[in-house]
Amino acid sequence: MEGGGVAEKQASYTYWVRETREDAAPLPVPRKLSADDISKQPQTNTLGSVWNQAGTWEERNLNSWASNRIKELLKSLDSLEFSNGKAYIDDVSECSGDAFLVTVRNKKRVGYTYELTLKFEGEWLIQNENKKIKGHLDIPEFSFGELEDLQVEVSLSEEKDLAAEDRMQICKDMRTFLIPIRQKLMGFEQELKDR
């Protein structure tokens, strides 16, 4: 600070630059695109609706399709033969739940949650006599990706004249329907993913 002058301090970094310097990049100049320029731009494949080109968030309700498809698949189950009887699925009496397809950031995700009640009819040889047995299989809440944990509860409609061990045997036999039901529902999951 000789000579009584004040040293001017030069800033090493300025967030807002108010003046252009000679080493700065030139300002952008707008230019109208020609038809040729537009045709050369890559086309992006987006999932979902036309209005959602960015693919941010879109949810589609698939309840109607899913309920009908589950019923159709489970009604097509073959009858099963047991050591002392046979049974078949008569009807899907209850099929309630939700199924949806969500598009998030241009990625498709599907899911569902359902509960089922299936009516069955069968014939078992009990005490040297063929008896027709009716009942239903309840499948409590199950959802996407959890079919390995699927459970079934068996209820018999007419059990007043059945011995306890006969009821237990029929329930055990009917639980073997779990494997073909699981296979049908896995097919449903795959169809849902492919939509």
Side-chain angles (χ1 to χ4, degrees), residues 47-49 57-104 107-195:
L47 295 172
S49 299
W57 177 272
E58 184 176 344
E59 186 171 342
R60 286 183 40 209
N61 183 336
L62 299 175
N63 292 348
S64 177
W65 173 84
S67 295
N68 291 336
R69 189 62 183 139
I70 288 173
K71 287 178 183 179
E72 185 181 322
L73 287 169
L74 294 179
K75 284 180 183 177
S76 70
L77 282 170
D78 294 330
S79 63
L80 290 182
E81 300 274 339
F82 312 114
S83 58
N84 56 353
K86 63 180 179 177
Y88 64 94
I89 300 298
D90 183 39
D91 190 25
V92 180
S93 57
E94 183 185 335
C95 180
S96 62
D98 295 314
F100 51 88
L101 179 136
V102 177
T103 305
V104 182
K107 291 185 181 164
K108 183 172 68 168
R109 298 183 181 143
V110 293
Y112 66 87
T113 302
Y114 269 89
E115 292 181 11
L116 298 171
T117 301
L118 311 172
K119 287 184 181 178
F120 71 85
E121 289 186 26
E123 195 173 298
W124 277 266
L125 183 64
I126 298 173
Q127 298 169 357
N128 297 327
E129 182 183 334
N130 279 340
K131 289 194 176 185
K132 290 192 183 254
I133 307 287
K134 293 181 180 182
H136 58 271
L137 303 174
D138 289 319
I139 301 174
E141 189 172 309
F142 62 97
S143 57
F144 186 81
E146 297 179 358
L147 291 178
E148 292 303 318
D149 301 331
L150 200 66
Q151 297 177 356
V152 66
E153 299 165 6
V154 181
S155 300
L156 303 177
S157 301
E158 304 150 5
E159 56 180 79
K160 51 188 170 278
D161 57 343
L162 292 174
E165 67 182 47
D166 292 334
R167 276 197 308 269
M168 286 177 57
Q169 183 61 43
I170 292 170
C171 289
K172 180 182 174 192
D173 289 345
M174 289 308 297
R175 282 191 190 95
T176 60
F177 264 105
L178 187 60
I179 295 167
I181 289 171
R182 183 180 289 131
Q183 289 171 343
K184 292 287 185 180
L185 291 175
M186 283 180 171
F188 165 75
E189 268 192 15
Q190 190 57 49
E191 287 180 32
L192 187 62
K193 283 182 200 174
D194 295 341
R195 278 186 72 83

Q) Taking only residues at least two apart or on different chains, which pairs with a member in residues 127-136 satisfy salt bridge (Lys or Arg N to Asp or Glu O under 4.0 Å)? A) Glu123-Lys132, Lys131-Asp161
(Q) Taking the side chain as everything from C-beta on, heavy atoms only, tell me whether Leu77 gets closer than 4.5 Å to Ile181. (A) yes
Q. By side-chain hydrogen bond (donor to acceptor under 3.5 Å, both in side chains), which residues pair with Asp166, not counting sequence neighbours?
A. none
Q | side-chain hydrogen bond (donor to acceptor under 3.5 Å, both in side chains) against Glu81, all qualifying residues, sequence neighbours excluded | A | none
Q.
Applying side chain to side chain contact (heavy atoms under 4.5 Å, CB included), can you list everything that pairs with Val104, at least two apart in sequence or on another chain?
A. Trp57, Val102, Arg109
Q.
Show me the pairs that pass ring-ring contact (aromatic ring centres under 6.0 Å, His included) and involve residues 115-139, at least two apart or across chains.
A. Phe82-Trp124
Q) In chain order, what residues pass the side chain to side chain contact (heavy atoms under 4.5 Å, CB included) check against Met168, with sequence neighbours excluded? A) none
Q.
Side chains of Lys184 and Ser76 only: does a donor on one sit below 3.5 Å from an acceptor on the other?
A. yes
(Q) I'd like to check the side chain to side chain contact (heavy atoms under 4.5 Å, CB included) partners of Arg175; sequence neighbours left out, ordered by chain and number. (A) Val152, Val154, Cys171
Q | Test ring pair (Phe, Tyr, Trp, His ring centres under 6.0 Å) applied to Trp65 - qualifying residues, sequence neighbours left out | A | Phe188
Q.
Run the side-chain hydrogen bond (donor to acceptor under 3.5 Å, both in side chains) test against Ser143 and tell me which residues pass, sequence neighbours left out.
A. Glu146
Throw together a table of side-chain donor-acceptor distances under 3.5 angstrom for residues 83-99, partners on residues two or more places apart or in other chains.
unit_1, atom_1, unit_2, atom_2, d
Tyr88, OH, Glu121, OE1, 3.1
Ser93, OG, Thr117, O, 3.2
Glu94, OE2, Ser96, OG, 3.4
Asp98, OD1, Asn63, ND2, 3.3

**Q.** Pairs meeting criterion side chain to side chain donor-acceptor pair (under 3.5 Å) with involvement of residues 186-195, two or more places apart
**A.** Arg69-Glu191, Tyr112-Glu189, Gln190-Asp194
